[in-house]
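Positions are given from 1, in the same order as the sequence printed here. Everything numeric here is computed off the predicted structure, so don't read it as measured data.
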Amino acid sequence: MSHPHVRAYVKRVASIDQEAFPDWNLSKPLPKMPVPDISSTLQKYLSLVRPIVPSEQYDKTKAIVESFQNDGVGEKLQKMLLEYAESKDNWKKRLFANNFSCDICRK
């Protein structure tokens, strides 16, 4: 049995959703998920790594990321990902389902 406050909360949230999205037609396809650009992805990665690794390891990681970005490998993989994403409704779903086994890298 659910608590009366929970039922009231769910009812309130559900009515807010209906008011905010009255014309939401679930039969229409959702827009394709965008592929973030490689520079922002790599910068975000570095910002997430920075607080959890020692400075020496961070410097090595940053050098690897810069090499990846500058030697053409990153751009090549980004291009492959964009092509892959163009052919899928949800490009992330299959990659995450396969634990990023990188199907697109095997081309």
Side-chain angles (χ1 to χ4, degrees):
M1 295 188 152
S2 64
H3 195 277
H5 294 296
V6 173
R7 285 193 300 257
Y9 175 77
V10 169
K11 185 176 180 180
R12 187 174 77 236
V13 170
S15 68
I16 291 170
D17 288 344
Q18 289 172 355
E19 292 165 8
F21 304 103
D23 298 325
W24 195 338
N25 183 349
L26 296 178
S27 66
K28 292 181 181 177
L30 294 172
K32 289 187 174 194
M33 298 191 80
V35 176
D37 72 286
I38 193 165
S39 295
S40 64
T41 301
L42 295 175
Q43 288 306 311
K44 186 170 190 168
Y45 172 72
L46 288 173
S47 72
L48 293 171
V49 168
R50 181 72 178 135
I52 61 172
V53 299
S55 293
E56 184 179 306
Q57 183 63 44
Y58 176 77
D59 292 341
K60 290 178 184 177
T61 301
K62 186 175 179 184
I64 292 168
V65 166
E66 288 171 355
S67 173
F68 177 79
Q69 189 171 16
N70 297 328
D71 67 6
V73 174
E75 288 301 322
K76 180 181 177 185
L77 290 173
Q78 180 77 3
K79 182 180 176 191
M80 292 170 69
L81 180 58
L82 288 167
E83 290 170 1
Y84 179 81
E86 195 61 36
S87 68
K88 305 293 179 201
D89 289 332
N90 184 345
W91 62 270
K92 289 183 179 181
K93 181 179 178 181
R94 184 165 179 177
L95 293 175
F96 279 105
N98 293 334
N99 293 318
F100 262 93
S101 64
C102 204
D103 292 342
I104 62 172
C105 300
R106 295 190 190 115
K107 289 184 179 179

Sequence neighbours excluded, every pair satisfying side-chain hydrogen bond (donor to acceptor under 3.5 Å, both in side chains) that has a member inside residues 65-74: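 As it turns out, the side-chain hydrogen bond (donor to acceptor under 3.5 Å, both in side chains) pairs with a partner in residues 65-74, which skip direct neighbours, are Ser39-Gln69.
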Hey, can you pull the donor-acceptor pairs under 3.5 Å for the side chains in residues 40-55, sequence neighbours left out?
| from | atom 1 | to | atom 2 | distance (Å) |
| --- | --- | --- | --- | --- |
| Ser40 | OG | Asp37 | O | 3.1 |
| Ser40 | OG | Asp37 | OD1 | 2.8 |
| Thr41 | OG1 | Asp37 | O | 3.0 |
| Ser47 | OG | Lys44 | O | 2.8 |

Residues forming a side-chain contact (heavy atoms from CB on, under 4.5 Å) with Lys76, sequence neighbours excluded: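 Partners of Lys76 under the side-chain contact (heavy atoms from CB on, under 4.5 Å) test: Met80.
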Could you list the residues that satisfy side-chain contact (heavy atoms from CB on, under 4.5 Å) with Asp59, not counting sequence neighbours?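 Once residues adjacent in sequence are excluded, Asp59 has no partner under the side-chain contact (heavy atoms from CB on, under 4.5 Å) criterion.
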The test is side-chain contact (heavy atoms from CB on, under 4.5 Å); show your working for Phe68 and Leu77 and say whether it passes. CA-CA 10 Å; Phe68 177 79; Leu77 290 173; 3.8 Å; yes
For Tyr84 and Trp91, work out which heavy atoms get closest and say how close.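 Heavy atoms of Tyr84 and Trp91 come nearest at CE2-O, 3.8 Å.
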Between Glu75 and Ile38, which heavy-atom pair has the shortest distance, and what is it?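 Reported closest heavy-atom pair: OE2-CG2, 3.2 Å.
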In terms of heavy-atom contacts, does NZ of Lys79 have more than 12 from other residues, nucleotides or ligands at under 6.0 Å?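 Atom NZ in Lys79 is not packed in, count stays at 12 or less.
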Kindly write out the residues that satisfy salt bridge (Lys or Arg N to Asp or Glu O under 4.0 Å) with Glu86, not counting sequence neighbours, or none if the list is empty.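 Per chain and number, Glu86 pairs via salt bridge (Lys or Arg N to Asp or Glu O under 4.0 Å) with no residue.
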